Amino acid sequence: MNNYQPSADRYDKMQYKYCGKSGLLLPRISLGLWHNFGSVDDFGVATDMIKYAFDNGVTHFDLANNYGPVPGSAESNFGKILKENFQGYRDEMIISSKAGHDMWSGPYGDGSSRKNLMASIDQSLRRTGLEYFDIFYSHRYDGVTPVEETIQTLIDIVKQGKALYVGISKYPPAQAKQAYEMMKAASVPCLISQYKYNMFDRTIESETLPLAAEYGSGVIAFSPLAQGMLTDRYLNGIPENSRAARSTGFLKLDQVTDALVSKSRLLNNLAARRGQTLAEMALAWVLKDERMTSVIVGASSVRQLAANLHAMDNLSFTSEELQEIELVLNK
């Protein structure tokens with residue numbers, strides 16, 4: 001029996017923003033299930049994080065078919081958490097998933113073909129136990145599949161009722177423009193575009209952000225803390241249990257450079273003067289751009305998630321603070 005009762009004031013704890021030129025509100029902070037929700041992780045901790053997020057107004061949960069490990073297990077675990085705790089609350093949630101990266105063996109388990117995307121969304125719906133996704137993404141432009149094939153598949157997915165909205169992730173500007181044009185012509189506009197964005201990686205500022213705004217697509221940032229580099233975790237060395245210390249993972253030891261650590265320390269000093277942690281300030285910095293709808297945070301515990309949500313307490317910057325940040329980043 002479901003004994004979980006969400007906090008009655010949960011929506012008072014979060015700010016929401018319309019996603020591009022749509023009527024869909026997204027929380028400024030969304031929860032990503034890339035790490036810590038797979039079959040190798042503690043299911044009880046994962047459940048507690050989902051509950052805590054929802055209790056604090058986080059309505060958007062970001063998945064992909066290959067999230068785990070093992071691939072697919074994050075969706076399966078999330079589906080189980082929904083069934084055991086969130087009966088009756090589906091209409092208060094935005095649940096997204098993606099396909100396009102390596103998922104199963106053989107020639108059809110990777111890439112952005114129609115074959116892969118159609119099989120993937122059916123598998124993802126079965127794993128989560130959902131009838132539809134709120135948002136379904138093409139997880140990447142694979143460099144081979146014609147954009148027309150991938151985008152027509154997304155359009156058909158909406159028309160078949162398997163997703164309410166669709167988006168793109170990590171598309172180069174030329175292919176993104178092609179995708180936006182095609183979706184607009186089909187009256188299935190690109191709701192949202194997902195890209196890596198943080199103080200240390202600002203690649204999308206020159207072309208991608210203006211392009212999304214031109215076509216009315218919302219933007220959501222992943223890796224806003226640069227895999228932990230924009231937290232206080234690496235200010236005094238590399239902790240044994242950190243991502244950089246693991247043999248697997250996306251943050252490697254050689255990426256924790258003296259130059260980045262030096263910048264992190266200076267930014268940490270500024271955050272302290274603002275009454276924030278470095279992580280809180282880094283999240284607020286991403287959200288300062290009017291074109292940014294939401295930011296995806298990951299968490300390994302309720303305590304870490306709670307700390308990230310404190311970024312909502314101060315999202316504004318003075319011109320002097322922004323100038324100081326630029327000076328640090330340009331060192």
Side-chain angles (χ1 to χ4, degrees), residues 19-22 24 34 62-67 71-72 75 95-127 132-197 201 203-223 250 291 293 296:
C19 190
K21 292 180 181 177
S22 80
L24 183 70
W34 181 18
D62 183 78
L63 289 153
N65 63 340
N66 64 335
Y67 287 176
E75 287 184 329
I95 302 170
S96 60
S97 195
K98 322 176 197 71
H101 284 292
D102 189 28
M103 177 60 189
W104 66 87
S105 60
Y108 314 117
D110 190 14
S112 304
S113 69
R114 183 179 183 88
K115 171 69 172 176
N116 176 269
L117 293 186
M118 283 298 189
S120 292
I121 192 168
D122 287 344
Q123 291 176 18
S124 292
L125 288 171
R126 285 195 296 270
R127 279 190 292 268
Y132 66 92
F133 285 109
D134 295 282
I135 304 167
F136 191 75
Y137 293 86
S138 168
H139 207 165
R140 64 172 178 135
Y141 168 64
D142 65 10
V144 178
T145 307
V147 172
E148 294 89 345
E149 178 179 342
T150 303
I151 300 307
Q152 185 61 54
T153 305
L154 293 182
I155 292 166
D156 291 345
I157 280 171
V158 170
K159 292 185 175 180
Q160 291 172 8
K162 295 178 180 180
L164 302 183
Y165 305 92
V166 284
I168 58 174
S169 177
K170 301 178 300 208
Y171 271 49
Q175 285 73 29
K177 182 178 177 66
Q178 193 177 353
Y180 293 149
E181 289 278 7
M182 189 173 173
M183 288 191 232
K184 180 181 178 181
S187 299
V188 181
C190 183
L191 174 81
I192 192 165
S193 303
Q194 185 172 138
Y195 289 90
K196 181 189 291 186
Y197 185 51
D201 188 340
T203 308
I204 68 170
E205 288 182 349
S206 59
E207 293 183 78
T208 299
L209 277 175
L211 189 65
E214 178 185 348
Y215 284 92
S217 175
V219 182
I220 187 167
F222 70 87
S223 198
F250 287 83
R291 297 165 294 187
T293 311
I296 298 171

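Given the structure is predicted, the values throughout are model-derived calculations rather than measurements. Heavy-atom basis, side chains included; hydrogens, waters and symmetry copies ignored.
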Any donor-acceptor N/O pair, [X] side chain to [Y] backbone, under 3.5 Å:
X    : Y    : value
K196 : A221 : no
S112 : Y141 : no
Q178 : E148 : no

Can you give me the closest heavy-atom contact between [X] and [Y], atom names plus distance?
X    : Y    : result
F133 : S96  : CD2-C, 4.3 Å
H139 : G100 : CB-N, 3.9 Å
K177 : Y215 : NZ-OH, 2.9 Å
G109 : N116 : C-ND2, 3.3 Å
A99  : F136 : CB-CZ, 3.8 Å
D110 : R140 : OD1-NH2, 2.9 Å

Gap between atom CD1 of I95 and atom CD1 of I135 - 0.5 Å precision: 10.5 Å

Rounded to the nearest 0.5 Å, how far does OH of Y180 lie from OH of Y171?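 Reported to 0.5 Å precision, the distance equals 10.5 Å.
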
S138-T150 side chain donor-acceptor pair, cut-off 3.5 Å: no

Is it true that S97 and Y67 share a donor-acceptor pair across their side chains at a distance under 3.5 Å? no

Within-4.5 Å side-chain heavy-atom neighbours: K98 and S120: no

Non-hydrogen side-chain atoms of L154 and V158 separated by less than 4.5 Å: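 L154 does not reach V158 side chain to side chain.
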
Check ion pair D156-K162 (N to O, under 4.0 angstrom):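 No, D156 and K162 are not salt-bridged.
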
When you look at I168 and Q175, which way does the side-chain contact (heavy atoms from CB on, under 4.5 Å) test go after all the steps? CA-CA 10 Å; I168 58 174; Q175 285 73 29; over 6 Å; no

Taking it one step at a time, do Y195 and T203 satisfy side-chain contact (heavy atoms from CB on, under 4.5 Å)? CA-CA 9 Å; Y195 289 90; T203 308; over 6 Å; no

